[in-house]
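Here is the structure we will look at.
The basis for the numbers below is simple: all heavy atoms, side chains too, and nothing from hydrogens, waters or symmetry mates. Chain A is the first sequence line, chain B the second, and so forth, proteins listed ahead of strands; every chain is numbered from 1. No experiment lies behind these values; they were computed from the predicted model shown.
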Number of protein chains: 2
Amino acid sequence: MARAAKKKANETPEKTTRIQEINRRLILDAALDVFSTYGFRGTTIDQIAEKAGMSKPNLLYYFPRKQNIYVTLLEETLAEWLAPLAEIDPEGDPIEQLRKYITLKINMSESHPEASRLFANEVLHGAPAISDFLSKHLKPLVDEKATVIRRWVGEGKLAPIDPYHLIFMIWATTQHYADFDVQVRAIMGNQVGRPGFREQTAQAVLSIILNGIRPRAV
Amino acid sequence: MARAAKKKANETPEKTTRIQEINRRLILDAALDVFSTYGFRGTTIDQIAEKAGMSKPNLLYYFPRKQNIYVTLLEETLAEWLAPLAEIDPEGDPIEQLRKYITLKINMSESHPEASRLFANEVLHGAPAISDFLSKHLKPLVDEKATVIRRWVGEGKLAPIDPYHLIFMIWATTQHYADFDVQVRAIMGNQVGRPGFREQTAQAVLSIILNGIRPRAV
DNA sequence: CTGCATTTTGACCAAGTAGTCAAGTTTTTG
DNA sequence: CAAAAACTTGACTACTTGGTCAAAATGCAG
């Protein structure tokens, strides 16, 4: 008890035990599943606890508030979700860099749709938990890359397009396949699960963004 | 009492009184606001009632279940939301038709963002209330227009692109400005509200979809 | 104006859910 | 191998919230 109090009083997290590490991971994994499907309000702690295979009080031992789980999850996810943008190389070939970025985002949308949905849901509801993150981390990063893209345009290496709208377009399009999965499935049917669907999608998206839909000279 | 029972037993809705018409409208308008912001689970009947300026039991007199309000709203909204797609004219000029469609969607995103968010939220959560609608109404319509676009491609009037992915891309991009409004604002700041922003957006989106981002011969 | 139908609401209930707690069990440590 | 720390949980509380109900107020047709 005395030690525990001391631990909380200290500024550094002291240490995490083996059990803590395992259980926090179990909880966060379960929570990602549930939150991304039902949203914050739509999710109950009991649901997460059951999925994580532990009792509710036990779960609350690790995350005293529902909100804590949610915020932790968002922070973990956002960093990962943003990483590809940071990797755009200002010195690389513009078309090649953007092609890589788009491909990466489509792959992420397919491999981690829950992360995309968690984020989409949060932003859709006004980003109450992460509006700070958006202005403090996302905006500067986007501004930086927008400058790069604008320079590329100036150098004649890209058509004269607005960098911000281009970035939004890439996000919107790639994340659409995760966020609106049900709709995509309702329309394209069983094609969606099939092997090669991701490649076909990437190809289609890249073709439009790179070349547009106007007929081109053969 | 006898009359009321008769009314419910009849197959046709008989009649709606003036008061009914007014109050149902008040409720639906209030509900659109609240549901689109907080989602189904995140919305309480009390919130809607307050916004509609009536007591909760009174609201429940018009819509006996929370779910009823939600479904009514979705049905009303969906038809309107889909209309522009139906208007694509198979006999028109392809580029002109798609340009019109995209412009219309961007305008709708700005003028009715709540409708877009309501729909986005529903689909994001697996479309429990409208999966039927998606397969029975949306899919056929999209299939029909996809056939038209495919024909246009065949006639050399469009670059060889997959019609389904093109449609998804248009949806994703245009609705992004409504659904992810907070994020767009966090990044583009006060530009967003300014007059001309919508036109600038439309111009940027059209430019990329029509011509792509590759530098073009001058 | 009168009586019936429609509309409105305060008070209430039952279910669900976030979070507490005290008492137990397991793990770690000296 | 104790004893302390860390972990676990059944039972519980407080509160929110969807929905009910009976009675009152209002609207309206004849």
Side-chain angles (χ1 to χ4, degrees), chain A residues 1-10 12-28 30-31 34-35 37-73 128-129, chain B residues 1-10 12-28 30-31 34-35 37-73 128-129:
Chain A
M1 201 75 100
R3 179 97 45 111
K6 198 179 182 181
K7 185 173 162 187
K8 287 216 168 166
N10 279 350
T12 36
E14 282 272 20
K15 67 175 176 199
T16 50
T17 71
R18 184 183 52 91
I19 295 178
Q20 271 166 40
E21 211 162 313
I22 293 171
N23 282 343
R24 288 178 63 96
R25 191 71 265 143
L26 277 173
I27 293 167
L28 288 173
V34 188
F35 277 135
T37 308
Y38 302 104
F40 182 74
R41 285 281 313 254
T43 293
T44 70
I45 299 184
D46 297 78
Q47 270 177 298
I48 304 176
E50 187 181 359
K51 194 150 217 158
M54 69 185 68
S55 68
K56 177 164 67 168
N58 198 186
L59 180 149
L60 287 164
Y61 173 74
Y62 293 100
F63 294 89
R65 312 271 145 192
K66 184 185 176 184
Q67 174 85 222
N68 296 157
I69 316 175
Y70 186 67
V71 172
T72 306
L73 210 48
Chain B
M1 200 74 101
R3 180 99 42 108
K6 197 178 182 183
K7 185 173 161 187
K8 286 215 167 165
N10 279 349
T12 36
E14 282 271 18
K15 67 172 177 200
T16 50
T17 69
R18 184 182 53 91
I19 296 177
Q20 271 167 40
E21 209 163 313
I22 293 171
N23 282 343
R24 289 177 63 97
R25 191 72 264 144
L26 277 174
I27 294 167
L28 289 172
V34 188
F35 277 135
T37 308
Y38 302 104
F40 182 74
R41 286 283 311 254
T43 293
T44 70
I45 298 184
D46 297 78
Q47 271 177 299
I48 304 176
E50 187 181 359
K51 195 151 217 156
M54 69 184 68
S55 69
K56 178 165 67 167
N58 198 16
L59 182 150
L60 287 163
Y61 172 73
Y62 293 100
F63 293 89
R65 311 272 145 191
K66 185 185 176 184
Q67 176 90 16
N68 295 157
I69 316 176
Y70 186 68
V71 171
T72 305
L73 211 47

Give a yes/no answer on whether the side chain of [X] brings an N or O atom under 4.0 Å of OP1 or OP2 in [N].
{"X": "Arg65(B)", "N": "dG19(D)", "value": "yes"}
{"X": "Arg41(B)", "N": "dG18(D)", "value": "no"}
{"X": "Tyr61(A)", "N": "dT8(D)", "value": "no"}
{"X": "Thr17(B)", "N": "dT7(C)", "value": "yes"}
{"X": "Asn58(A)", "N": "dT9(D)", "value": "yes"}
{"X": "Asn23(A)", "N": "dT8(D)", "value": "yes"}
{"X": "Arg18(B)", "N": "dT7(C)", "value": "no"}

TODO: Return yes when atom OH of Tyr62(B) has more than 12 non-hydrogen atoms of other residues, nucleotides or ligands closer than 6.0 Å, and no otherwise.
DONE: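 It does: Tyr62(B) OH has more than 12 such atoms within range.
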
Task: Nearest-Å distance for atom pair CD/C1', residues Gln20(B) and dT26(D) - done: 14 Å

TODO: Pick base, sugar-phosphate or nothing for Leu60(A), based on heavy-atom distances below 4.0 Å to the nucleic acid.
DONE: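 Counting heavy atoms under 4.0 Å across all strands, the contact made by Leu60(A) includes a base.
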
TODO: Report which part of the nucleic acid Phe63(B) touches: base, sugar-phosphate, or nothing (heavy-atom distance under 4.0 Å, all strands).
DONE: nothing

Task: Sidechain-backbone polar pair: Asn68(B) side chain, Arg65(B) backbone, donor-acceptor under 3.5 Å - done: yes

